[in-house]
Engineer: 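Just passing along the structure, written as structure tokens.
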Amino acid sequence: MNPFSSGTRLRDMIRAIRACKTAAEERAVVRKECAAIRAAINENDQDYRHRNLAKLMFIHMLGYPTHFGQMECLKLIASPGFPEKRIGYLGLMLLLDERQEVLMLVTNSVKQDLNHTNQYIVGLALCALGNICSAEMARDLAPEVERLLQFRDPNIRKKAALCSIRIIKKVPDLAENFINPVAALLKEKHHGVLITGIQLCTDLCKVSPEALEYFRKKCTDGLVRTLRDLVNSPYAPEYDIAGITDPFLHIRLLKLLRVLGQGDADASDAMNDILAQVATKTESNKNAGNAILYECVETIMSIEDNGGLRVLAINILGRFLSNRDNNIRYVALNMLMRAITVDAQAVQRHRATILECVKDSDASIRKRALELVYLLVNESNVKPLTKELVDYLEVSDQDFKGDLTAKICSIIEKFSPEKIWYIDQMLKVLTEAGNFVKDEVWHALVVVISNASDLHGYTVRALFRALQTTAEQESLVRVAVWCIGEYGDLLVNNAGMLNVEDPITVTESDAVDVVESAIKRHASDLTTKSMALIALLKLSSRFPSCSGRIKDIVVQHKGSLVLELQQRSLEFNSIIEKHQNIRSALVERMPVLDEASFGGRRASSLPNTVSTSNGTAVKLPNGVAKSSAAPLVDLLDLSDDVPAPSSSGGDFLQDLLGVDLAPATQSGTSQAPKAGTDVLLDLLSIGSNPAQDNSVSTPDILSSAQDHKPAIASLDVLAAPSNMMDLLDGFAPAPPKPANNGPAYPSIVAFESSSLRLTFNFSKQPGNPQTTTISGTFTNLSSNVFTDFVFQAAVPKFLQLHLDPASGNSLPASGNGTITQSLKVTNSQHGKKPLVMRLRIAYKVDGKDVLEEGQINNFPRDL
Amino acid sequence: MIRFILLQNRQGKTRLAKYYVPLEDSEKHKVEYEVHRLVVNRDPKFTNFVEFRTHKVIYRRYAGLFFSLCVDITDNELAYLECIHLFVEILDHFFSNVCELDLVFNFHKVLVYLILDEFILAGELQETSKRAIIERMGELEKLE
């Protein structure tokens, strides 16, 4: 026998462990002890098994692995003596759980113990079973437990009842067997048995509808009587808590009555009186009383309607709300949220108190109160409520501002009675907490502004004023910059003044100042700067006198390291300098953004055809819409930031170019610079390994093409440059562009580099819409012959690709001949997702290997 | 239903852990760590209820020990507060002015677990009378 293990008593081991100063020391002590225990186990040491297991349990609680002790538990349980069994069962409950297979081995021992003569041992077995039995054990031992429900000793009956709860949770089919014994339990006098019986009954009703019916019919009256006796009972020192006899029993009874009364008018009737009695007579100065009232209110709200009781309940909740204890208020707010569905009027009466709770110092109360306020808003109280909330926004905590802003914005949007109020409130919110405002929200604001044509002047002046006071909030700056760009002339001319406005003198150069400061601001991000640039372009057209100054500002970004800004700067500069004749047409007022389609699009991102007025589609002689540069430029500008207007612009573009540009769905600003950069990268490095340049974005695009909306957005924005290519390198031989509403599947130029062009022609078999046959034609644009020409393609998972052999592998120079290759693509997401493909073309020129890679995004949409 | 009961001190050491739902050991430790972090940082003025994953934790601090109960979302929080208090009163009765060390050292007499097992079983309340529990503990002690 190992002297060490017998020597250390548990107490000494605990002391030794506590004396350790470092974790390493502790680990060393524990390791030594574990080794000793393992040795003792191996030697089948009987005498100290008990002590060893206790040590093991302590070590387990400290967090060390103790699996080797599991069999010890089993052996201890099998021993005849009570102390050993006790430790064994305790070890079982601590070291094992129902998922371990070892548990099965214990079933037999437990069965024997359930039949033991010593009722304490029976109790041990029931306890262990109730805490960790598995489904198989439950099935095996259910009959024993059922029998014990009628045992003479109340302690055993209690434990058996709770054990049964676990059994029916694990094996709901056995529920029927327990119905009758439970009915007997409900008539008990002993509180312990009664409360456990009630709990078992509640769970039975949850699990089995037949049980629910049975108890509803037979036991409701009995339970009501029990509750009445309990409420009226005299002082009982044993169960008294804060002057109430056994509040736990009260609460459990109320819960069971709730389950029985829900959905059944008769049962609900039977309990009305007692509920009223509990609600009125229970004292609420202590937590116990409040707990009972809380349960009572919950029951009243859940059972069938009785007007008087409901009013009583809501009054109690109102009282709770003014209680100083945070717990009570929290609980009341919770309940009120559920009460709103039942009786909104009554809850409205407590609006003021709830508003106070929004300003509470406890974060969970604030959150609950805010949600409740949100549910309470309707047309009549929206204005004062919003005013309160916006006022609070100024003083609220930073972490709360986000939630608060979101809620205020949705309240404003849902309930605004008139546009001018909407715009006012949104301006206030933007001024206060613009940085927390989500993109969709200020996009919606822009849509509304553009629709409220009589308010354009008012809005732009208000924005101008707001910017003077604070220019910290990004969204405010963006909206302001957009408006000033669009409606700058109204600003300067003081057009459309409303009565409530003060006159304000703004010169043209003031307006330009404001936009310039937006660009120059250090904190402005890419979106804001981009929007400011285009606003400047618009202003240069509306204020010709400032044109020179604007040009200077714009030109400063010519060398910007951010491609988006650089591109814009160059383009706009060129427009201002050389294309004055079309400039005004380019930047005419934007067509009114259609609210209806925008609203529809926010609900579902399916493309809707937009009926926008063709304000900007001035068709110019040089064909493929140079004018579309404006909406296209706006597309790039806004599609990065304002998906909705651009989506109408996009569809609009679709009409012009006949190319399916899917609406760019909500892409966050973080996506915007990336999308912008991708556009440009594709643009400026056409065909030359965009895969490498876009190495960050393309894997994203393809891999997340499955379901990632922003990816689809950037995908579609990427589709734009194939048209941009034509626009800006006007000299490149334009391959036949799909005409307006051309054939169902227009051919596309899938890939074009300086030396190679690939055109795709599509056809579909009738009756097989998912599969498209593509015939690809390679043309050699350089003056060298290509040999060993190999074309490879890759598609995302939802597509299937089949490549037929090519017609040849040598491509004569300068377009003197072509190679054709046929592909078949099957789109399992036909109609939902467009085709996308990556290419890799390898060939030899003068013996040197050349590799070209690209991505095709301009497949017609309905393939 | 009670999912688990934890007694932890301010430093995060678990003095008592009883689980009524099956969890792996590693999950148990994670849970204990998270609950401790949740509970130890709360201002005493705040409510005693915190949302935890898909359930809620009802906790109360007694001197240096946090008693945390994790219950289902639909349960009556105020009732469980009473439950915690009753448990503490029972412990107090046994150890007369119970303190943390009592719990650590008398763990071996597995007294604390025994008391708990007489009070709560299968995640539900078993006995509401302090006197009854104390009596029963007395009987069990005699058998040792």
Side-chain angles (χ1 to χ4, degrees), chain A residues 10-11 14 18 54-55 57-58 60-61 63 65 82-83 86-87 90 93-94 97-99 120 126-127 130-132 155 158-159 162-163 165-166 191-192 195-196 199 237-239 241 246-249 251-252 255 287-288 290-292 294-295 298 326-331 361-365, chain B residues 1 13-25 28-29 32 42-43 45-51 58 74-83 85-86 89 101 104-105 107-110 113-114 117-118 120-133 136 139-140 143-144:
Chain A
L10 176 62
R11 191 167 277 257
I14 297 181
R18 283 172 64 79
K55 284 192 206 162
M57 289 197 285
F58 187 81
H60 173 84
M61 204 165 69
F82 176 79
R86 192 170 79 169
I87 276 272
L90 201 64
M93 287 193 279
L94 235 54
D97 61 50
E98 67 190 56
R99 295 180 295 197
Y120 295 103
L126 279 172
C127 186
N131 284 339
I132 62 164
N155 285 312
K158 270 189 333 200
K159 295 196 198 313
L162 291 179
C163 194
I165 292 185
R166 189 172 174 101
H191 279 217
I195 203 175
T196 54
Q199 280 164 175
E238 187 169 336
Y239 294 108
I241 293 183
D246 208 343
F248 297 107
L249 189 55
I251 294 173
R252 289 292 170 193
K255 197 164 186 190
N287 189 45
N290 285 328
I292 296 180
Y294 179 33
E295 197 72 34
E298 265 215 68
N326 275 345
N327 291 337
I328 312 278
R329 277 193 291 167
Y330 180 87
V331 146
S361 46
D362 181 346
S364 17
I365 290 196
Chain B
M1 170 188 161
K13 273 214 143 95
T14 309
R15 294 299 178 204
L16 179 96
K18 182 87 185 180
Y19 290 85
Y20 297 100
V21 289
L23 281 180
E24 293 290 331
D25 277 343
K28 283 187 187 165
H29 292 133
E32 283 162 27
R42 279 177 71 88
D43 197 288
K45 285 198 313 270
F46 288 0
T47 61
N48 290 75
F49 324 127
V50 210
E51 258 137 62
I58 302 176
T74 50
D75 283 340
N76 183 337
E77 299 98 331
L78 301 176
Y80 282 113
L81 268 183
E82 285 300 317
C83 184
H85 194 72
L86 188 57
E89 277 186 11
L101 279 182
V104 171
F105 276 100
F107 158 85
H108 91 284
K109 286 212 220 115
V110 300
Y113 279 102
L114 279 187
D117 280 335
E118 286 298 321
I120 293 178
L121 203 155
E124 301 281 4
L125 219 50
Q126 195 188 143
E127 177 60 66
T128 52
S129 154
K130 208 162 78 177
R131 187 194 61 92
I133 296 182
R136 177 126 179 123
E139 292 166 18
L140 285 173
L143 291 175
E144 279 292 305

Engineer: Quick one: what part of A:Leu162 sits under 4.5 Å from any heavy atom of chain B, side chain, backbone, both or neither?
Structural biologist: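 Contact with chain B: backbone and side chain both.
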Engineer: Where is the tightest heavy-atom contact between B:Ala79 and A:Ile251, given as atom of each residue plus distance?
Structural biologist: CB-CD1, 3.5 Å
Engineer: With a 4.5 angstrom heavy-atom cut-off, which part of A:Arg252 approaches chain B: side chain, backbone, both or neither?
Structural biologist: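 Side chain only.
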Engineer: Heavy atoms only, distances under 4.5 angstrom: which of B:Glu51, B:Lys28, B:Glu32 has the most pairs with chain A? Name it, please.
Structural biologist: B:Glu51
Engineer: Using side chain to side chain contact (heavy atoms under 4.5 Å, CB included) as the criterion, list what pairs up with A:Pro65, not counting sequence neighbours.
Structural biologist: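 If we apply the side chain to side chain contact (heavy atoms under 4.5 Å, CB included) test to A:Pro65, skipping adjacent residues, the hits are A:His67.
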Engineer: Suppose we screen for side chain to side chain donor-acceptor pair (under 3.5 Å). Which residues come up paired with A:Tyr120, at least two apart in sequence or across chains?
Structural biologist: B:Glu139
Engineer: Give, for atom CD1 of A:Ile165 and atom CD of B:Glu124, the distance between the pair rounded to the nearest 0.5 Å.
Structural biologist: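 Going from the CD1 atom of A:Ile165 to the CD atom of B:Glu124 covers 5.0 Å.
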Engineer: Within this structure, what is the OG1-CZ distance for the pair B:Thr128 and A:Phe248, rounded to the nearest 0.5 Å?
Structural biologist: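 The OG1 atom of B:Thr128 sits 7.5 Å away from the CZ atom of A:Phe248.
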Engineer: Test side-chain contact (heavy atoms from CB on, under 4.5 Å) on B:His85 and A:Ile241 and set out the steps.
Structural biologist: CA-CA 10 Å; B:His85 194 72; A:Ile241 293 183; over 6 Å; no
Engineer: Identify which part of B:Leu86 has an atom lying under 4.5 Å from any heavy atom of chain A, answering side chain, backbone, both or neither.
Structural biologist: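 Only the side chain of B:Leu86 comes within 4.5 Å of chain A.
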Engineer: Counting only heavy atoms closer than 4.5 Å, note whether B:Glu24 contacts chain A via side chain, backbone, both or neither.
Structural biologist: both
Engineer: For B:Lys13, does the NZ atom sit with more than 12 other heavy atoms under 6.0 Å from it, leaving out its own atoms?
Structural biologist: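 Atom NZ in B:Lys13 is not crowded, with 12 or fewer foreign heavy atoms closer than 6.0 Å.
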Engineer: Once rounded to the nearest 0.5 Å, what's the spacing between atom CD1 of A:Ile328 and atom OG1 of B:Thr47?
Structural biologist: 11.5 Å
Engineer: Side chain, backbone, both or neither: which part of A:Pro247 has an atom under 4.5 Å from a heavy atom of chain B?
Structural biologist: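 No part of it gets close to chain B.
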Engineer: Does a side-chain N-to-carboxylate-O contact under 4.0 Å join B:Asp117 and A:Lys159?
Structural biologist: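 Here B:Asp117 does not pair with A:Lys159 in a salt bridge, since their nearest N and O are not under 4.0 Å apart.
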Engineer: Under a 4.5 Å cutoff for heavy-atom pairs, which residue among A:Thr196, A:Leu126, A:Asn155 has the most contacts with chain B?
Structural biologist: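 Highest number of heavy-atom pairs under 4.5 Å: A:Asn155.
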Engineer: Please report the closest heavy-atom contact between A:Arg166 and B:Ala122, naming both atoms and the distance.
Structural biologist: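 It is CB-CB, 4.5 Å.
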Engineer: Distance check, rounded to the nearest 0.5 Å: A:Asn327 atom CG versus B:Phe49 atom CZ?
Structural biologist: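 Spacing of CG (A:Asn327) from CZ (B:Phe49) equals 4.0 Å.
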Engineer: Could you tell me whether the side chain of B:Gln126 and the main chain of A:Lys158 form a donor-acceptor pair under 3.5 Å?
Structural biologist: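 No; zero donor-acceptor contacts below 3.5 Å.
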Engineer: Which value, rounded to the nearest 0.5 Å, describes the distance between B:Ser129 atom OG and A:Leu249 atom CG?
Structural biologist: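 The distance works out to 12.0 Å.
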Engineer: Hey, does B:Glu77 have a side-chain heavy atom less than 4.5 Å from the side chain of A:Tyr330?
Structural biologist: yes
Engineer: Can you tell me how far OH of B:Tyr20 sits from CD1 of A:Ile132, rounded to the nearest 0.5 angstrom?
Structural biologist: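 Result: 12.0 Å between the selected atoms.
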Engineer: Hey, does the side chain of B:Asn76 reach the backbone of A:Ala291 with a donor-acceptor pair shorter than 3.5 angstrom?
Structural biologist: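 A pair under 3.5 Å: yes.
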Engineer: Sort A:Asp246 into side chain, backbone, both or neither according to what part of it lies under 4.5 angstrom from a heavy atom of chain B.
Structural biologist: side chain
Engineer: So for A:Gln199, is it side chain, backbone, both, or neither that comes closer than 4.5 Å to the heavy atoms of chain B?
Structural biologist: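 For A:Gln199, the contact with chain B is made by the side chain alone.
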Engineer: Shorter than 4.5 Å, heavy atoms on both sides: which option in B:Ile120, B:Leu23, B:Thr14, B:Val21 has the most such pairs with chain A?
Structural biologist: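 Sorted descending by pairs with chain A, the first entry is B:Leu23.
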Engineer: With a 4.5 angstrom heavy-atom cut-off, could you sort out which part of A:Ile365 is near chain B: side chain, backbone, both or neither?
Structural biologist: side chain
